[in-house]
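In what follows, a structure is listed as structure tokens, so that the remarks can point back to it.
These figures come from a predicted structure and were not determined experimentally. When a residue number appears, it is its place in the shown sequence, counting from 1.
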Amino acid sequence: MVFIRLIIYALTYVQASLRIEEIAANPSFIFIWSGSAEGLDLGRRLLSKWGYRRCEDIVWTKTNRTWEGSRFIEGKSVFQHTKEHCLMGIKGTVRRSTDGHFIHCNVDTDIIISEEPSHGSTAKPEEIYHIIEHFCLGRRRLELFGENHNIRPGWVTVGQRITGSNYNSTKYNSYFAGTNGHLLGGNSEIEALRPRSPPPRDGSSKSTPKKKINPNMGNPKFNISPSNNSHLPKTNSNANRSFGGPRW
């Protein structure tokens, strides 16, 4: 099985023609650098087109300790942009309680704070690689629209501006030998240190049964008797609709 994780730079409408869904495994994750403003809208549309659901949003907050003033003034925005977004999508179903061989949750945060690069640079913080590699234990890692500074061990980097390569087909194929060769694997020390889902409150291993929700209530957080809620406004009939999303 192939596990694909992508970082896509410089989003344009031309990239919407890429058929990522044909090479992406199920389950798999995708990371899309989308900048801000209209880039976020395009990134969300690409997630949907390629069969992914947005599950996280990593924010890069840029500092400016090494320079004074602004190198670039946003022409269309109301505020000066000092952050970028990386949208994370999931394909298929992954459960944090049973899929610890594939994902490690709660290892990193969703915020990166680092110095803004020189004007015109496409470099992104190296921490984004750390976040991806700590979270997903799949060996098949693909980066699209990369440059020379993006070449990294364990990744296949593709881009028009790449002039060098560290790719060795024999070594790369050896990564996937064996039944679970597509996974990085682990050991007892890693398993003991990695964060885990909190146990049930009563300390038992049994899952807590779901509480029944009064169908006449618009918000399940409140337990108000129907006879005493006449003063409340009528709720929308869609209020109790169940929405799909990533299962962690």
(Q) Is the terminal nitrogen or CZ of R140 (NZ for Lys, CZ for Arg) located under 6.0 angstrom from the six-membered ring centre of F176 and within 45° of that ring's axis? (A) yes

Q: Indicate yes or no for a side-chain donor-acceptor contact from K91 to the backbone of W50 under 3.5 Å, with no hydrogens or angles considered.
A: yes

Q. Is it true that I23 and L46 fall in one hydrophobic cluster, defined by side-chain heavy atoms closer than 4.5 Å?
A. yes

Q: Report the relative orientation of the aromatic rings in Y129 and W155; use parallel for angles under 30°, tilted for 30 to 60°, perpendicular for over 60°.
A: perpendicular

Q: With side chain to side chain contact (heavy atoms under 4.5 Å, CB included) as the test, would you mind laying out the steps for H101 and L183 before giving the verdict?
A: CA-CA 8 Å; H101 63 287; L183 299 173; 3.6 Å; yes

Q: Examine distances only and state if a side-chain atom of R161 and a backbone atom of E147 form a donor-acceptor pair shorter than 3.5 Å.
A: no

Q | Backbone N/O of R54 and side chain of R44: donor-acceptor pair under 3.5 Å | A | no

Q.
Let me check something: do M88 and V107 share a hydrophobic cluster, defined by ILVMFWY side-chain heavy atoms less than 4.5 Å apart, either directly or through other members?
A. no

Q: Could you tell me whether the side chain of N173 and the main chain of T170 form a donor-acceptor pair under 3.5 Å?
A: no

Q.
Can you confirm if the aromatic rings of F29 and Y52 lie within a centre distance of less than 6.0 Å?
A. no

(Q) Among L40, L47, D57, which residue satisfies the side-chain contact (heavy atoms from CB on, under 4.5 Å) criterion with S34? (A) L40

**Q.** 4.5 Å side-chain heavy-atom contact, I20 and L144
**A.** yes

Q. For C86 and I128, which heavy atoms make the closest approach, and how far apart are they?
A. SG-CD1, 4.1 Å

**Q.** Interatomic distance, I30 atom CD1 to R53 atom CZ [nearest 0.5 angstrom]
**A.** 13.5 Å

Q: Tell me whether the guanidinium CZ or amine NZ of K124 lies under 6.0 angstrom from the six-membered ring centre of W33 and within 45° of its axis.
A: yes

Q) Quick one: are I151 and I162 in side-chain contact, heavy atoms under 4.5 Å? A) yes

Q. Which pair of non-hydrogen atoms, one from G43 and one from I32, has the smallest distance, and what is that distance?
A. O-CD1, 4.0 Å

Q) Okay, side chain of T63, backbone of S114: is any donor-acceptor separation there less than 3.5 Å? A) yes

Q.
Looking at every heavy atom in both T109 and I131, which two are closest together, and how far apart are they?
A. O-CD1, 3.8 Å

(Q) So E126 and H130, do their side chains get closer than 4.5 Å, heavy atoms only? (A) yes

Q) Is any side-chain heavy atom of I103 closer than 4.5 Å to a side-chain heavy atom of L137? A) no

**Q.** Check: F102 main-chain N/O paired with D99 side-chain donor or acceptor under 3.5 Å
**A.** no

(Q) Let me check something: do Y172 and L142 share a hydrophobic cluster, defined by ILVMFWY side-chain heavy atoms less than 4.5 Å apart, either directly or through other members? (A) yes

Q. What's the shortest heavy-atom distance between C105 and R96, and which atoms?
A. CB-NH2, 3.6 Å

(Q) To check you understand the geometry: which heavy-atom pair defines the closest contact between R152 and E133, and what is its length? (A) NE-OE2, 2.8 Å

Q.
Any non-hydrogen side-chain atom of N148 less than 4.5 Å from a side-chain atom of T157?
A. no

Q) So, K83 and H85: side-chain donor and acceptor under 3.5 Å apart, yes or no? A) yes

Q) Heavy-atom distance under 4.5 Å between the side chains of F31 and I58, does that happen here? A) yes

Q) Are K62 and E84 within salt-bridge range, i.e. N to O under 4.0 Å? A) yes

Q. So do V59 and I112 actually touch side chain to side chain, heavy atoms under 4.5 Å?
A. no

